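Bear in mind that the values here come from a model prediction, so they are computed numbers and not experimental data.
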Amino acid sequence: MFCLRGAALIAFCAVTYSPTIAAEPVGQAVQIRTAVNGARGPIAVKDPVYKDERISTSKSGLGQFVFQDGTKLAVGWGSSVVIDKFVYDDAKSVKKLTIMAAKGTFRWISGKSGHSAYEIVTPAGTIGVRGTAFDFYVGRDGTTAVVLLSGAANFCGAGGCRQLTQRCDCVVAKPGGGISDPKRVSRNTLKSLGNAQALPFLSGGQRLSGALGWAGGGCSLAAAIQEDLERQPLTVKPPTVEQEKPREEKPKPEEKPHKPEEKPPVQEEGYRNRHWEMKHPDIRGEDANHKDVLEHANDHQNKGHQKARSHHND
């Protein structure tokens with residue numbers, strides 16, 4: 001009896017304290033790059049993943065997982081996610097599969113279970129899945145972006161709900177409210193998230209294999225930019241001609257009012273002749289010589305008369 005009780009106690013302790021026996025495997029790893037860790041340490045290819053297990057990746061890590069109902073999940077670099085609920089039934093489908101994404105970047109492809117069975121919880125809201133493939137990103141501050149790759153999905157948060165029905169459409173939501181309208185993913189999406197590596201499966205930063213790899217075909221950021229350019233109407237802009245700038249003219253100095261040239265005052269004829277003769281004593285014409293002769297004769301005659309008068313008086 002004592003031995004039986006001892007064996008029962010050992011079995012009870014093994015069930016209670018052994019995580020391997022108590023844990024419920026819900027899927028397995030199909031591809032691992034660099035460092036991917038679970039609750040029990042590093043995860044390798046074909047290792048099982050368990051309910052309530054937290055999966056985290058390094059800054060360069062990448063893990064691809066397949067759940068029992070065929071659901072596929074890729075966990076990109078710098079990510080953390082917990083398989084929160086997994087309720088499996090006998091029809092090889094799940095009644096409930098909930099994962100909680102704390103941070104990082106992910107790609108999801110639904111399995112063969114009903115749409116209502118899937119739920120993805122982020123700090124900014126909940127992603128409802130309807131036969132869908134999509135990428136989603138969770139920033140350190142809880143900002144969440146969802147990019148639809150196929151099918152349909154909806155995102156509900158404090159700011160309401162948004163439906164994603166067009167391939168490559170994206171919504172961005174903030175914790176506590178604020179959610180954008182669906183709009184095609186582009187480089188502006190990365191700018192709004194403040195992280196150029198937020199969606200590495202679309203930008204080419206990380207490459208996936210198998211069905212997870214081709215699911216994003218046509219929605220890459222490079223293709224999205226090209227399609228945006230093709231949608232814009234073609235406008236031909238006339239060639240721009242650089243116009244020469246007008247030369248700056250230097251201000252001209254103020255011109256003084258023009259004064260008429262002053263002419264010398266008109267002088268008497270006799271004065272001018274005497275003035276000219278004083279300047280040119282050696283140059284005289286015939287008139288000047290004749291004048292000198294007359295003046296000399298007059299002087300001589302006057303002197304003669306004066307002598308005669310003085311003699312008569314005596």
Side-chain angles (χ1 to χ4, degrees), residues 25-39 42-51 53-84 86 94 97-113 117-122 127 129-139 144-151 153 155 164 167-168 170 185 189-190 193 195-221 223:
V26 296
Q28 71 173 7
V30 294
Q31 184 175 1
I32 298 295
R33 294 180 190 169
T34 65
V36 180
N37 296 305
I43 299 175
V45 174
K46 295 185 179 180
D47 280 354
V49 291
Y50 301 93
K51 177 184 174 182
E53 184 174 18
R54 179 180 294 277
I55 299 171
S56 60
T57 60
S58 65
K59 292 181 179 180
S60 60
L62 173 64
Q64 293 184 207
F65 304 92
V66 177
F67 295 100
Q68 292 180 1
D69 74 330
T71 297
K72 298 173 178 62
L73 176 67
V75 183
W77 50 31
S79 302
S80 178
V81 62
V82 176
I83 308 206
D84 186 53
F86 190 90
V94 294
L97 173 55
T98 302
I99 68 170
M100 300 182 68
K103 66 174 182 175
T105 184
F106 310 87
R107 175 166 290 179
W108 170 279
I109 299 179
S110 299
K112 55 188 176 183
S113 302
Y118 303 114
E119 187 178 57
I120 299 171
V121 180
T122 74
I127 305 172
V129 182
R130 294 185 290 166
T132 313
F134 55 85
D135 282 8
F136 63 102
Y137 164 79
V138 180
T144 301
V146 183
V147 181
L148 184 67
L149 305 179
S150 66
F155 186 92
L164 294 108
R167 190 165 176 262
C168 304
C170 174
V185 66
T189 306
L190 300 179
L193 296 172
N195 184 358
Q197 299 178 342
L199 299 167
F201 306 142
L202 294 179
S203 64
Q206 288 188 306
R207 297 188 179 277
L208 303 174
S209 61
L212 282 166
W214 55 255
C219 288
S220 67
L221 292 177

To the nearest 0.5 Å, atom CG of L97 lies from atom CZ of F86 at 6.0 Å
Minimal heavy-atom distance between K46 and Q28, with the atoms involved, is O-OE1, 3.7 Å
What one should report as the nearest heavy-atom pair of A198 and L193 is CB-CD1, 3.7 Å
Notebook entry, point to check: Heavy atoms, side chains only, cut-off 4.5 Å: are F155 and T144 in contact?
Noted result: yes
Donor-acceptor pair, R33 side chain versus G61 backbone, under 3.5 Å? no
**OP:** Determine, for R107 against D135, whether the closest basic-nitrogen to carboxylate-oxygen distance falls under 4.0 angstrom.
**Re:** yes
Notebook entry, point to check: Taking the side chain from T57 and the backbone from V36, do they hold a donor-acceptor pair closer than 3.5 Å?
Noted result: no
Whether S110 side chain and T132 backbone form a donor-acceptor pair below 3.5 Å: yes
Nearest heavy-atom contact between R54 and S80 is NH1-OG, 2.8 Å
Tested for side-chain contact (heavy atoms from CB on, under 4.5 Å) against W108, the lone hit among V146, I127, L73 is L73
Output for pair (I32 CD1, F65 CZ), nearest 0.5 Å, gives 4.5 Å
Stepwise side chain to side chain contact (heavy atoms under 4.5 Å, CB included) check, V121 with D84 | CA-CA 10 Å; V121 180; D84 186 53; over 6 Å; no
Only one of N195, L199, V185 passes side-chain contact (heavy atoms from CB on, under 4.5 Å) with L190, and that residue is L199
T34 (side chain) donor-acceptor with S60 (main chain) under 3.5 angstrom
yes
For F134 and L148, the nearest pair of non-hydrogen atoms, with its separation, is CB-CA, 4.0 Å
Smallest heavy-atom separation, S203 atom then L221 atom, equals CB-CD1, 3.7 Å
Closest heavy-atom pair, S79 versus T105, reported as atoms and distance to 0.1 Å, is OG-N, 3.1 Å
When rounded to the nearest 0.5 Å, the distance separating OG1 of T122 from OH of Y137 is 12.0 Å
- Within the side chain of S113, is there an N or O that forms a donor-acceptor pair under 3.5 Å with the backbone of V94? yes
Practice item. Check whether any side-chain N or O of Q64 sits under 3.5 Å from a backbone N or O of K72 as a donor-acceptor pair, and report yes or no. Key: no
Distance col, row M100:CE vs I120:CD1, nearest 0.5 angstrom, shows 12.5 Å
Quiz item: Taking C-beta and beyond as the side chain, do I99 and F106 meet within less than 4.5 Å on heavy atoms?
Solution: no
Side chains of T71 and Y118: is there a donor and an acceptor less than 3.5 Å apart? yes
- Hey, is the main chain of L62 close enough, under 3.5 Å, to the side chain of Q206 for a donor-acceptor pair? no
